[in-house]
2 protein chains.
Amino acid sequence: MNTPNINSVNCNSCPIRHRAVCARCNADELVELDAIKYYRTYEAGQTVIWAGDIMGFVGSVVSGVATLTQTMEDGRTQMVGLLLPSDFVGRPGRDGAAYNVVATTNVVMCCFRKKPFEDLMERTPHIAQRLLVMTLDELDAAREWMLVLGRKTAREKIASLLSIIVRRDASLQSTGLGENVVFDLPLTREAMADYLGLTLETVSRQMSALKRDGVIKLEGKRHITVPSMGRLLEEAGDDSDGGFIG
Amino acid sequence: MNTPNINSVNCNSCPIRHRAVCARCNADELVELDAIKYYRTYEAGQTVIWAGDIMGFVGSVVSGVATLTQTMEDGRTQMVGLLLPSDFVGRPGRDGAAYNVVATTNVVMCCFRKKPFEDLMERTPHIAQRLLVMTLDELDAAREWMLVLGRKTAREKIASLLSIIVRRDASLQSTGLGENVVFDLPLTREAMADYLGLTLETVSRQMSALKRDGVIKLEGKRHITVPSMGRLLEEAGDDSDGGFIG
DNA sequence: AGTCCCAATTGATCTGGGTCAAGGTTAGTC
DNA sequence: GACTAACCTTGACCCAGATCAATTGGGACT
């Protein structure tokens, strides 16, 4: 087991505090947030919560990667969200989880018990305002993904997924992106397939094809080098730099 | 032309006022909202705004149907949102429109100039809270649609679309839904295809198939009778009553 | 080193929905 | 009431990606 040391996660690295609250929080509010804050850890593969179950907290991902998935009775499953560090989980004002949340790597989450958080939100307007902006961003991401699912070819889908992960990685480290990028895939081929509305065989074939064509290099199954981000974005079918944070 | 009479649209039928604000607004806020409120009308087929253009207002649909679409350079287009009466358009805090907005029927929108609305939102916390809830609902709808796009067959996709339209119609009229439902499709076959990630030919074929199998009855091209909503939901592949407002 | 296990790759074949093409329907216009 | 222009339906054929079925590879245990 390889869980990060909780004690090393100080307040400044808590995304809620940092991203949703800090910028405009006064001292009292920060004390109040600390009082209801705690951490949870999950191992790779562990289910955080099942759709429909009561979710007594809201929170955000501090480290690791989790997924939101929906499943039909016959087993077909579709990933509807990818939770990377700083992403928010849970819905204020609703008790049941809407989706399955699964940790795909070891995950640390910064959580707030739901009721006190809602109370604080009631009293502290800019928290709702901040959550509104975050939710609008997620809505944009979901809609961007609808284009991927509805209209792109398998090859374009793979390239789109790789682009998104690179983009998120980069904005997290707030390092600019050169043409050459190296990163680790936090997803299995099956999880990629669930995200892309494909089968894992098709994912594998298209990964091989992108490798054969020099768009990516693979070391092992997960470690990826992208020699040219421009080329990758072309393969994704995105216009020149569509939303890309350079 | 057949635009509704603007003067007949009084404050109580304005969804922003009614849904986003009214419940908790005091008299001053209502006066302030009235001061920045105005109406816009669009004809069927007219583009409300192009992706990327400056959008000086936010607002909500009072009557009619509009669509949000994304387009790739080669012309592939995907609808990412269906705007029915009471739906909100525009993003506070952002100037450019993210998507093409097109009226598919004659549309009346209740609009607020962006800057004054943002100012009011700043001063009036429950507006942001109300918008947060509305945005979270939209996010859920977008994610539900990701399952449709990624994992459902053409027949299931059509049935899902019909279900959604029926559901929204019903919640609008807040009449309960019996088994037997009659309604008018507000979309062309092409618009349906753009929503579902299909071609218009496939939409047409599947509509014919659902008709042949007695799941729907068609009078003309748009007027639809659903003899059994239960059957339709089965065809959509939804679990028993998935979110269905009965 | 061997073996177990799971993730990933690769091949062969099949099929749902796309593509291309030819009518049919309906509403609006003169 | 014929003319036109959208919009829709239907048919024939094809292909991208699904399905079914072996292998292969790599890390964690003895």
Side-chain angles (χ1 to χ4, degrees), chain A residues 1-2 43-45 72 74-78 102 104-105 148-161 184-213 216-224 235 237, chain B residues 1-2 43-46 72 74-78 102 104-106 148-161 184-213 216-224 235 237:
Chain A
M1 260 289 304
N2 194 0
E43 293 177 38
M72 297 171 67
D74 62 8
R76 283 178 279 178
T77 94
Q78 175 67 47
V102 180
T104 60
T105 65
V148 173
L149 288 172
R151 293 301 183 193
K152 292 196 177 177
T153 64
R155 173 184 263 245
E156 289 170 332
K157 284 178 174 182
I158 300 283
S160 298
L161 176 56
D184 285 297
L185 255 187
L187 301 173
T188 64
R189 298 289 185 266
E190 189 181 20
M192 293 173 71
D194 284 344
Y195 204 172
L196 298 165
L198 299 170
T199 59
L200 68 90
E201 293 94 330
T202 299
V203 170
S204 184
R205 273 186 251 275
Q206 295 300 332
M207 289 287 287
S208 299
L210 288 175
K211 181 181 166 190
R212 171 172 41 72
D213 299 345
I216 59 174
K217 288 171 193 150
L218 277 171
E219 284 166 58
K221 292 150 192 316
R222 302 289 192 88
H223 192 75
I224 296 182
E235 293 286 353
Chain B
M1 266 317 309
N2 195 1
E43 293 176 36
Q46 204 180 342
M72 297 171 67
D74 61 8
R76 283 178 278 177
T77 94
Q78 174 66 48
V102 181
T104 59
T105 66
N106 292 338
V148 173
L149 287 172
R151 293 300 185 194
K152 292 196 178 179
T153 64
R155 173 185 264 243
E156 290 170 331
K157 284 178 174 182
I158 300 282
S160 298
L161 177 57
D184 285 297
L185 254 187
L187 302 172
T188 63
R189 298 288 185 265
E190 189 182 18
M192 292 173 72
D194 284 344
Y195 203 172
L196 298 166
L198 299 170
T199 59
L200 69 91
E201 293 94 330
T202 298
V203 170
S204 184
R205 273 187 253 274
Q206 296 299 334
M207 289 288 287
S208 300
L210 289 175
K211 181 181 166 189
R212 170 173 42 72
D213 299 344
I216 58 175
K217 288 172 192 152
L218 277 171
E219 285 166 56
K221 292 151 194 313
R222 302 291 192 88
H223 192 74
I224 296 182
E235 292 286 352

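Treat the numbers as computed from the prediction; the structure is a model and nothing was measured. Proteins get letters first, then strands, A, B, ... in listed order; numbering begins at 1 in each.
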Side-chain donor or acceptor of A/R212 under 3.5 Å from a matching atom on the base of C/dT9?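 A donor-acceptor contact between them is absent.
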Donor-acceptor pair under 3.5 Å: do we get one between B/E201's side chain and the base of D/dC8?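 A donor-acceptor contact between them is absent.
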Separation of [N] [atom2] from [X] [atom1] (nearest whole Å):
X	N	atom1	atom2	answer
B/I158	D/dC8	CD1	P	12 Å
B/E219	C/dT26	CD	P	12 Å
A/L187	C/dA7	CG	C1'	14 Å
A/L196	D/dA16	CG	P	18 Å
B/L185	D/dT9	CG	C1'	16 Å
A/I216	C/dA8	CD1	P	13 Å
B/L210	D/dT10	CG	C1'	16 Å
A/M207	C/dA7	CE	P	16 Å

Reckon [X] touches a base, only the sugar-phosphate, or nothing at all at heavy-atom distances under 4.0 Å?
X	answer
A/R155	nothing
B/G45	nothing
A/T188	sugar-phosphate
A/L200	base

For the [atom1] atom of [X] and the [atom2] atom of [Y], what is their distance to the nearest 0.5 Å?
X	Y	atom1	atom2	answer
B/D213	B/Q206	CG	CD	9.5 Å
A/T153	A/E235	OG1	CD	9.0 Å
B/D74	A/R151	CG	CZ	10.5 Å
B/R189	B/M207	CZ	CE	4.0 Å

Side chain of A/Q78, backbone of A/Y195: donor and acceptor closer than 3.5 Å?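 Yes, the answer is positive, given that a donor and an acceptor are paired below the 3.5 Å cut-off.
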Taking B/S204's backbone N and O only, do any of them form a donor-acceptor pair with B/S208's side chain (distance below 3.5 Å, no angle check)?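 It does hold such a pair.
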Side-chain N,O ([X]) to OP1/OP2 ([N]) below 4.0 Å:
X	N	value
A/T202	D/dG17	no
B/R205	C/dG18	no
B/R189	D/dT9	yes
B/T199	C/dT19	no

Could you say whether A/K221 or A/T153 is positioned toward the 5' end of DNA chain D, judged by the nucleotide with the nearest heavy atom to each?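 Taking each residue's closest nucleotide, the earlier one in sequence belongs to A/T153.
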By nearest heavy atom, map A/R151 and A/R222 onto DNA chain C; which one lands nearer the 5' end?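 First, find each residue's nearest nucleotide; the 5'-ward one identifies A/R222.
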Among the candidates C/dT9, D/dG17, D/dT9, find the nucleotide nearest to the side-chain atoms of A/L198.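 So the side chain of A/L198 is nearest to D/dG17.
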